[in-house]
Amino acid sequence: QVQLVESGGGLVQAGDSLSVACAASGRPVSSFHMGWFRQAPGKERQFVARISWSDSSTDYADSVKGRFTISRDNNKNTVYLQMNSLKPEDTAVYFCAASGYWSRDPYEYPYWGQGAQVTVSS
């Protein structure tokens, strides 16, 4: 079992930067592949980025590639999502999740945080 708690998020203007963090407890984040997903109102949960437990390989959705960066600090047992050049269409609740599988499919992630709201105004 691992418990995940997101922090950060907020209201920013288009073009601004924002960071969200995901603190884990119960088990080290280095034991899992970690992912970030987002869900806008009325839409399905969408893959954003993931980082592997082994070599910290990363993978991004095309919509955020070059703007978002996922990273992990194993000493702090925390995973981060740095978001730059934000757009109004990035507005969503952002969730971190942990999995034993290297996957973009949210159904492969058994552990989830409660989410952090990110709102980007135009």
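The analysis underlying the following values was restricted to heavy atoms, covering all of them including side chains, and did not include hydrogens, waters or symmetry mates.
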Hey, what do you get for CD1 (Ile51) to NE2 (His33), rounding to the nearest 0.5 Å? 11.0 Å
Would you call the rings of Phe32 and Tyr111 parallel, tilted or perpendicular, taking 30° and 60° as the class edges? perpendicular
How close do Leu4 and Ala24 get, counting heavy atoms only, and between which atoms? CD2-CB, 3.7 Å
The single option from Thr91, Val64, Val120 passing side chain to side chain contact (heavy atoms under 4.5 Å, CB included) against Leu86: Val120
Taking the side chain as C-beta and beyond, is there a heavy-atom pair between Thr69 and Tyr80 under 4.5 Å? no
Do Phe37 and Met83 sit in the same hydrophobic cluster, where Ile, Leu, Val, Met, Phe, Trp and Tyr count as joined when their side-chain heavy atoms come under 4.5 Å apart? no
Nearest heavy-atom contact between Val2 and Ala98 is CG1-CB, 4.2 Å
Could you pull out all donor-acceptor pairs under 3.5 Å where a side-chain atom in residues 10-19 meets a protein atom, sequence neighbours excluded?
{"from": "Asp16", "atom 1": "OD2", "to": "Gln13", "atom 2": "N", "distance (Å)": "3.1"}
{"from": "Ser17", "atom 1": "OG", "to": "Asn84", "atom 2": "OD1", "distance (Å)": "2.9"}

Please report the closest heavy-atom contact between Thr78 and Ala21, naming both atoms and the distance. CG2-CB, 4.1 Å
Could you list all the side chain to side chain donor-acceptor pair (under 3.5 Å) pairs where at least one residue sits in residues 96-105, not counting sequence neighbours? Asp59-Arg104
Classify the angle between the aromatic ring planes of Tyr94 and Phe68 as parallel (below 30°), tilted (30 to 60°) or perpendicular (above 60°). tilted
One pair to check against side chain to side chain contact (heavy atoms under 4.5 Å, CB included): Val20 and Glu6. What are the steps and the verdict? CA-CA 7 Å; Val20 287; Glu6 296 95 340; 5.8 Å; no
Contact check, side chains of Pro106 and Gln39, non-hydrogen atoms, under 4.5 Å: no
Kindly say whether Ser52 contributes a backbone atom to a donor-acceptor pair with the side chain of Arg72 at under 3.5 angstrom? yes
hydrophobic_cluster_shared for Phe47 and Leu81, side chain cutoff 4.5 Å: no
Report yes if some heavy atom in the side chain of Trp36 is under 4.5 Å from a heavy atom in the side chain of Cys96; otherwise report no. yes
Nearest-0.5 Å distance, SG of residue Cys22 to CD1 of residue Ile70: 9.0 Å
Nearest atoms (heavy-atom pairs only) where Ala116 meets Gly8: CB-O, 4.2 Å
Quick check: is Trp53 connected to Met34 through a chain of hydrophobic side chains (ILVMFWY, heavy atoms under 4.5 Å apart)? no
Step by step, would you call Gln1 with Arg27 a side chain to side chain contact (heavy atoms under 4.5 Å, CB included)? CA-CA 7 Å; Gln1 285 280 349; Arg27 287 181 62 183; 5.7 Å; no
Would you call Asp90 and Lys87 a salt bridge, taking side-chain N to carboxylate O under 4.0 Å as the test? no
Is the shortest heavy-atom distance from the side chain of Arg45 to the side chain of Tyr109 under 4.5 Å? no
